[in-house]
Amino acid sequence: MTASNSASASSSDSPMIEVEGLNKWYGDFHVLRDIDLTVARGERIVVCGPSGSGKSTLIRCFNHLEEHQQGRIVVDGVTMTQDVKRIEQIRRNVGMVFQHFNLFPHLSVLDNCCISQIWVQKKPRAEAEKTAMEFLERVQIADQAHKYPGQLSGGQQQRVAIARALCMRPEVMLFDEPTSALDPEMIKEVLDVMVELARDGMTMLCVTHEMGFAKTVADRVIFMDQGQIIEQAPPETFFNNPESERTQLFLSQILGH
Amino acid sequence: MATRTEMIEARRPPDMRRGVVGWLRANLFNGPFNSVASLLTIVLLAMVLWPLAKWALIDADWLGSTREACTGEGACWVFISARFETIIYGFYPDAARWRVDLVLTMMALLIAWLAIPRLPAKRWVGLFALVGFPIVAYFLLLGGHFGLEAVPTREWGGLMLTLTVATVGIVGSLPIGVVLALGRRSKMPLVRSLCVVFIEFWRGVPLITVLFMASVMLPLFVPTEVEFDKLLRALIGIMFFWSAYMAEVVRGGLQAIPSGQEEAAKALGLGYWRRMGLIVLPQALKLVIPGIVNTFIALFKDTSLVLIIGLFDLLAIIRAGLTDSNWLGFATEGYVFAALMFWIFCFSMSRYSQYIERRLHTGH
């Protein structure tokens, strides 16, 4: 799973994602407040925080599933605007994995992985299927390729969803609470795939409550509350010597039992 | 506290088959109340069905060609068989009826080809059915070109007219309805308002009014030199009327698809039309197959309303036969036959839609 992509719009030393003064409102509710963030290429970031803190909303802004009202987002050298073509250009470089998998239930696992290769990347079907099988192999689910999503377990569905995103050979992967809807027994199989992906050098932004995952793979942990970034630090510092009181309280609540 | 050391092997389920007597006992005669209810129902059914069967089948007259063949005890189907050609072709000239036969045969073959999953080349056959066939049917039925005698639409009638109106209505209203449903959910205010106005206008007027407007009022507004065929006007009216209903059925399906589906499609870089065409609509349409077929069936039956603007569809042509002085007094046979014809078509659509639903089920 290489993170390199020759179609990349900018040189490899520029940041993967740059966010400046990002503000977003839902109606009158100020959901993201003055967010500044730079994600380097190959960097693995875990975003955590209490529910409603805006962490999902933040990463959903990076592929324009959410629209922001103020500030600047640059993904892989492309500045986010309202322009549909530009948004689609950014989305081709950004893979996303959702809490509820969001596989297409009317398509087989293989077709789920092929559909965007065929219609967005305009690949011939045979080539798309080859790529799809490669990635399904990597997430160890190639034997289920001809089943429908409804016939798979949650963990298997989420692994297919990861393979589906990887088939587009994205520059960066966004994970929106990928294990929150899974039974405890299935969380590990998904995390294993994500750890392997991180080892291969993929740029990753991961909203999760899996602190074990954050400790093993993250380069940086970001803590958010009330729509703002409270603290960001490498995992050792973050977990052992958190600076802010709010972070300490949060950590004591999720690690305290 | 015992710990299980060996896992239990899976076993076959016990045999629950019971035979006819067992089935009767379990389903019709389980308990005194149900037994009485079953017996009463059977008696009532027999009281209704036996006279009907006696009238329609046993005492009926089947052979002959004139009124003299009717003995008067049961139904006289000679009334139908003597007028059968008119019921199928209306006033279509005898010499040109092979053209109707050809079109109807082609249509039956195309539908069968598309409906039977095993047959190959669905895409090409489908393309021909939607593009080639209407053109061929138009020139064959209307004539006037390629040395074919012209048959104006006022000579059309009977089953062929009913099928023409129903087919055009069905094939036209679904795509228009889908576009309207998408438009009604559009983020563009102008598109959305246009679709809402269109849907609410056509849904708010009775079909009879639409047909009257098409045949009586439209010619008042259009200059007399422009000849606008009455059947064509009715077809357009029917298509628009039902597309408004279809739009609401489809919109119901669109709303039932979780937003995550569109988000996932967006995240993969698919554009609006691909998201709709590949992800949302296939799921939404599958979900509302019962509603779509319901609308198709209503449309099919309501084609008989064209009789009020002077078109002789299947029902109207049978009614016209009732006033034939040689054949007075056979209204029951006529209406029963008309009902049977409509029922056959509608029931076929209903069964086929159930089959399609089962086939498209992917276990979610």
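The analysis underlying the following values was restricted to heavy atoms, covering all of them including side chains, and did not include hydrogens, waters or symmetry mates. Residue numbering restarts at 1 for every chain, and letters A, B, ... go by the order of the sequence lines.
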**Student:** Answer yes or no: does atom CZ of B:R192 have more than 12 heavy-atom neighbours from other residues, nucleotides or ligands under 6.0 Å?
**Tutor:**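 For B:R192, atom CZ is crowded (more than 12 foreign heavy atoms under 6.0 Å).
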**Student:** Could you point out which residue of A:R164, A:E88, A:R92, A:Q117 forms a side chain to side chain contact (heavy atoms under 4.5 Å, CB included) with B:L268?
**Tutor:**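 The side chain to side chain contact (heavy atoms under 4.5 Å, CB included) with B:L268 is passed solely by A:R164 among A:R164, A:E88, A:R92, A:Q117.
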**Student:** Count the heavy atoms of every other residue, nucleotide or ligand shown that sit under 6.0 Å from NZ of B:K122, and state whether that count exceeds 12.
**Tutor:**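 Enclosed.
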**Student:** Would you say that more than 12 heavy atoms from the other residues, nucleotides or ligands in this model lie under 6.0 Å from the CG of A:D28, or not?
**Tutor:**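 Check fails, neighbour count at 12 or below.
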**Student:** In this structure, are over 12 heavy atoms from other groups packed under 6.0 Å from B:W273 atom CH2?
**Tutor:**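 Counting neighbours around CH2 of B:W273, 12 or fewer heavy atoms of other residues, nucleotides or ligands fall under 6.0 Å, so no.
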**Student:** Heavy atoms only, distances under 4.5 angstrom: which of A:V94, A:L174, A:I87, A:L103 has the most pairs with chain B? Name it, please.
**Tutor:**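 That would be A:L103.
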**Student:** Just wondering, more than 12 heavy atoms not from B:K301 lying within 6.0 Å of its NZ?
**Tutor:**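 No, the 6.0 Å shell around NZ holds no more than 12 heavy atoms from other groups.
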**Student:** Got more than 12 heavy atoms from elsewhere within 6.0 Å of CD, A:Q69?
**Tutor:**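 Atom CD in A:Q69 is packed in, count exceeds 12.
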**Student:** Of A:E66, A:H100, A:R60, A:M96, which is the lone residue that meets side chain to side chain contact (heavy atoms under 4.5 Å, CB included) with B:E263?
**Tutor:**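 Single pass found, and it is A:R60.
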**Student:** Calculate, to the nearest 0.5 Å, the distance between atoms CG and NE2 belonging to B:L287 and A:H106 respectively.
**Tutor:**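 Here the rounded value is 12.5 Å.
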**Student:** Does CH2 in A:W119 sit with more than 12 non-hydrogen atoms of other residues, nucleotides or ligands closer than 6.0 Å?
**Tutor:**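 No - once you tally the heavy atoms of other residues, nucleotides and ligands closer than 6.0 Å, there are 12 at most.
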**Student:** Against chain B, label A:F98 side chain, backbone, both or neither, depending on which of its atoms sit under 4.5 Å from a heavy atom there.
**Tutor:**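 The side chain, not the backbone.
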**Student:** Would you say A:N63's side chain and B:A267's backbone share a donor-acceptor pair under 3.5 angstrom?
**Tutor:**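 Flag not set: sc A:N63 to bb B:A267 has no pair under 3.5 Å.
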**Student:** Determine the minimum heavy-atom distance between B:A264 and A:F104, stating which atoms define it.
**Tutor:**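 Answer, listing the atom of B:A264 first, then A:F104: CB-CE2, 4.0 Å.
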**Student:** Identify the heavy atoms of A:R91 and B:G269 that sit nearest to each other, and give their distance.
**Tutor:**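 Closest approach of A:R91 to B:G269, heavy atoms only: CB-CA, 4.0 Å.
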**Student:** Could you tell me the separation between the CD1 atom of A:I115 and the CG atom of B:L270, rounded to the nearest 0.5 Å?
**Tutor:**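 Answer rounded to 0.5 Å: 6.5 Å.
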